[in-house]
Amino acid sequence: QRRSKDFFASRINQIQDAIINNNIDNIDSQRALQSMHSIYNAQYTSLDKFKAYNGYINPMISYVSGIFFLLQNDFNKANDLLKKSYAVSRESRILDDIELLNNRKQNKDVKKYTWIFIEDGQSPKKYEMRLDVPLFLPDSNTIYFNVALPKLDSGKTFNYKYYISLDSEDSIDSFELSNMESIVSNEFSIEIPYIITTSLISSTYKAYLQSVLNKNFGLIGGIGGMLFSTISSNADIRNSRILPLRFLAIRIENKKQVFKLFGDGNLLYSFMLDDKCDELCLNRDNIIYIRVVQNGIISALTHSIGDIK
């Protein structure tokens, strides 16, 4: 978590410095920046609505770590992590865990609980977009060249609502701790002005080469230059779809029954709490970590913590 925070801060500072100090060869930087702003305003203004979590800290990581240390009775470390998660996410149900922590610290709460952590969906991915941009030549002619740029989709959600059903026919809804769209989109919004500027400069060289070839070698030279420009102009759309889109959590009080997890009304997972600990222990705290993937298939890790009482 700390290394991730430092990496994002360092990377963003490098990109901002590169934009401010953009002196690439003899290209008119002012003209390139003006074109960059025009493209950004036309294609990327939706990114402005995203605000990354403070310090690029994912509150889900702090929350899961805080719960783990709570169940290890490391109350001071758990308290710091849970407060950090709440400070970033402002999710009120984290305060319930902080209250539980304080009660356990004073031996006031001897009940056992199960926490279910859910990873849902696929994080945003990049795709390529091509634009035609004018190049004004010294002889007053204008040619259009192709610029390949990355764009970002909004990611994919597999289920909008998760909840645990109880034998009493009541249910407990999940709460969302973090959304990767905010983190990914915010980082992308800082990188994209630099990407647009460097793409414009590179494509301008290729377009000028195409103009020279067309002037000196006629139609064949122009076509050759155009093919070279098209083939060599590609956006960097490398993606990682390993990350989920959303992180969610549910806390339930342990009872001797079968609990069922639903996503948008469809049964995804069930588990039993009992004295025998065949699956999970009734008299221990438990953690269940679930990754929901496409078509409703899930992978789950379960763990009971503490002494049996």
Side-chain angles (χ1 to χ4, degrees), residues 1 3-5 7-8 52-53 56-72 78 81-82 84-85 88-89 91 93-94 97 113-126 152-166 171-185 187 238-252 254 258-273 277-281 284-305:
Q1 182 83 338
R3 286 195 298 268
S4 176
K5 174 183 176 181
F7 168 78
F8 278 120
Y53 298 111
Y56 295 89
I57 293 174
N58 187 336
M60 179 62 170
I61 297 175
S62 299
Y63 181 72
V64 173
S65 301
I67 295 301
F68 175 79
F69 285 112
L70 166 62
L71 303 189
Q72 298 293 329
L81 288 163
L82 291 175
K84 182 183 293 184
S85 181
V88 176
S89 69
E91 171 51 55
R93 276 189 268 184
I94 298 176
D97 293 301
Y113 297 89
T114 297
W115 284 262
I116 301 97
F117 304 117
I118 304 167
E119 294 184 356
D120 169 75
Q122 292 179 332
S123 61
K125 71 173 182 178
K126 298 174 185 175
L152 198 66
D153 68 18
S154 57
K156 186 175 183 179
T157 297
F158 296 144
N159 297 286
Y160 290 96
K161 181 179 180 181
Y162 290 90
Y163 61 92
I164 293 283
S165 68
L166 308 175
S171 63
I172 301 176
D173 291 337
S174 66
F175 58 95
E176 184 176 302
L177 276 162
S178 64
N179 191 310
M180 288 302 296
E181 185 178 10
S182 296
I183 296 175
V184 174
S185 297
E187 182 197 5
R238 289 173 293 180
N239 292 285
S240 173
R241 297 310 294 265
I242 299 174
L243 293 174
L245 177 63
R246 301 188 300 154
F247 296 90
L248 307 102
I250 308 173
R251 190 187 86 181
I252 59 172
N254 286 5
V258 175
F259 293 90
K260 297 179 179 179
L261 173 67
F262 289 85
D264 290 346
N266 299 311
L267 177 63
L268 298 176
Y269 182 74
S270 63
F271 58 95
M272 176 73 179
L273 299 177
C277 299
D278 290 334
E279 190 172 352
L280 287 167
C281 294
R284 289 182 180 178
D285 291 314
N286 304 290
I287 286 177
I288 303 175
Y289 205 102
I290 292 175
R291 177 71 167 107
V292 180
V293 296
Q294 214 157 5
N295 302 322
I297 301 172
I298 67 170
S299 59
L301 296 173
T302 62
H303 186 54
S304 296
I305 300 175

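Side chains are part of it too, since the values below use all heavy atoms of this structure and drop only hydrogens, waters and symmetry mates. Values in this document were obtained by computation on a predicted structure and should not be read as measured data.
Separating the OH atom in Y113 from the CG atom in D285 is a distance of 9.0 Å, to the nearest 0.5 Å. Expressed to the nearest 0.5 Å, how far CZ of R284 lies from CG of L71 amounts to 12.0 Å. To the nearest 0.5 angstrom, R246 atom CZ is 5.0 Å from E176 atom CD. The CZ atom of R291 sits 16.0 Å away from the CZ atom of F117 when rounded to the nearest 0.5 Å. The structure places CD1 of I164 at 5.5 Å from CD1 of I252, a figure rounded to the nearest 0.5 Å. Of the inter-residue distances, the one linking S165 atom OG with L267 atom CG reads 7.5 Å to the nearest 0.5 angstrom.
With sequence neighbours excluded, the residues forming a side-chain contact (heavy atoms from CB on, under 4.5 Å) with S154 are E181, listed by chain and number. Judged as a side-chain contact (heavy atoms from CB on, under 4.5 Å), and not counting sequence neighbours, the contacts of D278 are D274, K276. Contacts of E91 classified as side chain to side chain donor-acceptor pair (under 3.5 Å), with partners at least two apart in sequence or in another chain: none.
Closest non-hydrogen pair, L280 versus S304, comes out as CD2-OG, 3.7 Å. The shortest non-hydrogen separation linking G121 to F158 is N-CD1, 3.3 Å. In plain terms, the two heavy atoms of M60 and S178 that are nearest each other are CB-OG, 3.7 Å. Heavy atoms only, all atoms of each residue included: F175 and R93 are closest at CB-NH2, 3.2 Å. Between P124 and L152, the closest heavy-atom pair is CB-CG, 3.9 Å. The two residues L82 and I94 come nearest to each other via the heavy atoms O-CG2, 3.6 Å.
The aromatic rings of F271 and F259 lie parallel to each other, with less than 30° between the two planes, well short of the 60° mark.
The main-chain N or O of Y163 is never found under 3.5 Å from a side-chain atom of D173 such that the two would form a donor-acceptor pair. In this structure, D97 contributes its side chain and I67 its backbone to no donor-acceptor pair below 3.5 Å. The closest donor-acceptor contact from the side chain of N286 to the backbone of T302 lies at 3.5 Å or more, if one exists at all. At least one donor-acceptor pair under 3.5 Å links the side chain of S65 to the backbone N or O of I61. Looking at D120, its side chain never comes within 3.5 Å of a backbone N or O of Y160 through a donor-acceptor pair.
Taking 4.0 Å as the cut-off between side-chain N and carboxylate O, K125 and D153 do not count as a salt-bridged pair.
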Subject >> Full working for side chain to side chain contact (heavy atoms under 4.5 Å, CB included) between D264 and K161 >> reply: CA-CA 5 Å; D264 290 346; K161 181 179 180 181; 3.9 Å; yes
**OP:** Go through E119 and F247 one step at a time and tell me if the side chain to side chain contact (heavy atoms under 4.5 Å, CB included) criterion holds.
**Re:** CA-CA 5 Å; E119 294 184 356; F247 296 90; 3.8 Å; yes
**OP:** Could you go through the side chain to side chain contact (heavy atoms under 4.5 Å, CB included) check for Y162 and L268 one step at a time?
**Re:** CA-CA 9 Å; Y162 290 90; L268 298 176; 3.5 Å; yes
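When the options I250, I116, L301, I118 are evaluated for a side-chain contact (heavy atoms from CB on, under 4.5 Å) with I288, the one that passes is I116.
For CZ of F68, the number of neighbouring non-hydrogen atoms (other residues, nucleotides, ligands) closer than 6.0 Å is 12 at most.
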